[in-house]
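Everything numeric here is computed off the predicted structure, so don't read it as measured data.
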Amino acid sequence: MKILVTGATGALGSRLVPLLNAAGHTVTGTTTSEAKTERLRAAGAEPVVLDVLDAAAVRAAVANAAPEVIVHEATALSQQTSLSARDLRRLDTVFATTNRLRSEGTDNLLAAAAETGTRRFIAQSFAGWPYKREGGLIKTEDDPLDTTPPPGTEQSLGAMKHLEEAVTSAPGIEGIVLRYGGFYGPGTTIYPGGEQAEMVRKRLLPLVGRGEGVISLIHIDDAAAATAAAVERGTPGIYNITDDDPAAQKEWLPRLAAAMGARPPRRLPVWLARLAAGKWVTTVMTEGRGASNDKAKRELGWQPGHPTWREGFTEVFAAR
């Protein structure tokens, strides 16, 4: 098939493009940087420099590529290279560009897809803190998203909700939303030298309270494999793309430190964490929800190559 991948040089896109190329698809990959076009060619994609917030440019690029499938992975997350506690108190400000890419960018791409006759549209969302913090600790795609997000995260949650609604309700298009777990592995923040790994090494990422907030993780290569599977199969709808092992902060964070050869994380009481980093971080660390991947495994015919982050962390940091 002819496939257009936005954000093709990002952490996930750079792992996805070679998989699609190896499967025999014709891939057009977008980047916002002229300097990265040769990297796309080397991976087997036809490069296009594109800002998906430019509606006219998007229409032209989609018309020229004439894709049967669009995979929307464009974010500005790579720009957040040195988040501080203050940044995490104003998540909506820090993620403003990513929020626009998930709202305006998605709308631009869907409009162009409709004009061009694109059959399937796959977009990136997130599994974890957006879920409503009530009931069970492990959520399925049918569970509701939060209606009262922590202050300073309303726009970020709203952008994800907009993306999910727009994609799954687009007329004449098979809309698929992939709610990825927290990424780890090459090109992510949980990798030797990565931002989150460095925070753990410097003991700047503490356990908060009892550390009972749950998170689901996913190796970046497994996320790419699931995305490649969604290109070819799966009914329209929403899928959690996570590993088999949702874990509380008190489990995975000390294990990550150990895999890195770092000292165990510090502990902070809830009241102090709220003062230092704000309500959102505190909420995630104490009330976060994990996600079930049963639907993705069943309907996409996908199995994570790293079923649990426990062995995954050891593999990722073994060389270091």
Would you compute the distance between atom [atom1] of [X] and atom [atom2] of [Y] and round it to the nearest 0.5 angstrom?
X      : Y      : atom1 : atom2 : value
Leu157 : Lys161 : CG    : NZ    : 4.5 Å
Asp245 : Ile218 : CG    : CD1   : 11.5 Å
Thr30  : His72  : OG1   : NE2   : 9.0 Å
Leu4   : Thr26  : CG    : OG1   : 12.5 Å
Phe121 : Ile176 : CZ    : CD1   : 11.5 Å
Ser33  : Arg39  : OG    : CZ    : 8.0 Å

Return the orientation label for the Phe317 and Phe313 ring planes: parallel under 30°, perpendicular over 60°, tilted otherwise.
perpendicular
Please determine whether side-chain contact (heavy atoms from CB on, under 4.5 Å) holds for the pair Glu115 and Val62, giving the CA-CA distance in whole Å, both sets of side-chain angles, and the decisive distance to 0.1 Å.
CA-CA 9 Å; Glu115 292 176 4; Val62 174; over 6 Å; no
Among Val231, Leu110, Thr118, Ile173, side chain to side chain contact (heavy atoms under 4.5 Å, CB included) partner for Ile70
Thr118
Please identify which of these residues, Thr242, Asn240, Thr227, meets the side chain to side chain contact (heavy atoms under 4.5 Å, CB included) condition with Tyr180.
Thr227
Using side-chain heavy atoms (C-beta onward) and a distance below 4.5 Å, is [X] in contact with [Y]?
X      : Y      : value
Leu91  : Thr153 : yes
Leu145 : Arg179 : yes
Ile190 : Val316 : no
Val5   : Val27  : yes
Leu268 : Met285 : no
Leu12  : Ile220 : yes
Gln196 : Leu256 : no
Arg289 : Leu137 : yes

For the backbone of [Y] and the side chain of [X], can you confirm whether one donor and one acceptor N or O come within less than 3.5 Å of each other?
X      : Y      : result
Thr98  : Ala76  : yes
Asp92  : Gln155 : yes
Arg274 : Lys279 : no
Arg203 : Pro264 : yes
Asn99  : Ala159 : no
Glu154 : Gly152 : yes
Trp302 : Asp222 : yes
Ser292 : Lys139 : no
Ser216 : Ala291 : yes

Given the rule in the side-chain contact (heavy atoms from CB on, under 4.5 Å) test, do Val284 and Gln249 qualify, once you have shown the distances and angles that lead to the verdict?
CA-CA 9 Å; Val284 170; Gln249 304 287 339; 4.3 Å; yes
Less than 4.0 Å between a side-chain N and a carboxylate O, is that true for [Y] and [X]?
X      : Y      : result
Asp143 : Lys132 : no
Asp244 : Lys297 : yes
Lys295 : Glu299 : no
Arg41  : Glu38  : yes

For His306, give me all partners under ring pair (Phe, Tyr, Trp, His ring centres under 6.0 Å), at least two apart in sequence or on another chain.
His219
Give the intermediate values and the outcome of side-chain contact (heavy atoms from CB on, under 4.5 Å) for residues Thr140 and Asp294.
CA-CA 8 Å; Thr140 73; Asp294 288 347; over 6 Å; no
Which heavy atom in [X] sits nearest to a heavy atom in [Y], and how many Å separate them?
X      : Y      : value
Val52  : Thr6   : CG1-CG2, 4.1 Å
Met160 : Arg102 : CG-NH1, 3.9 Å
Pro18  : Ser14  : CD-O, 3.2 Å
Asn108 : Val58  : O-CG1, 3.7 Å
Ala248 : Gly211 : CB-O, 3.6 Å
Thr116 : Pro67  : CG2-CD, 4.4 Å

Is there a continuous path of hydrophobic side-chain contacts, each under 4.5 Å between heavy atoms, that joins Tyr239 to Leu20?
yes
With the 4.5 Å side-chain cut-off for hydrophobic clustering, are Val177 and Leu300 part of the same group?
no
Under 6.0 Å from the CZ atom of Arg267, do we count more than 12 heavy atoms belonging to anything else shown?
no
Other residues, nucleotides, ligands: >12 heavy atoms within 6.0 Å of Arg263 CZ
no
Please tell me whether Asp243 and Tyr184 have a donor and an acceptor in their side chains that are separated by less than 3.5 angstrom.
no
Given the rule in the side-chain contact (heavy atoms from CB on, under 4.5 Å) test, do Val69 and Arg119 qualify, once you have shown the distances and angles that lead to the verdict?
CA-CA 6 Å; Val69 181; Arg119 175 178 59 83; 4.0 Å; yes
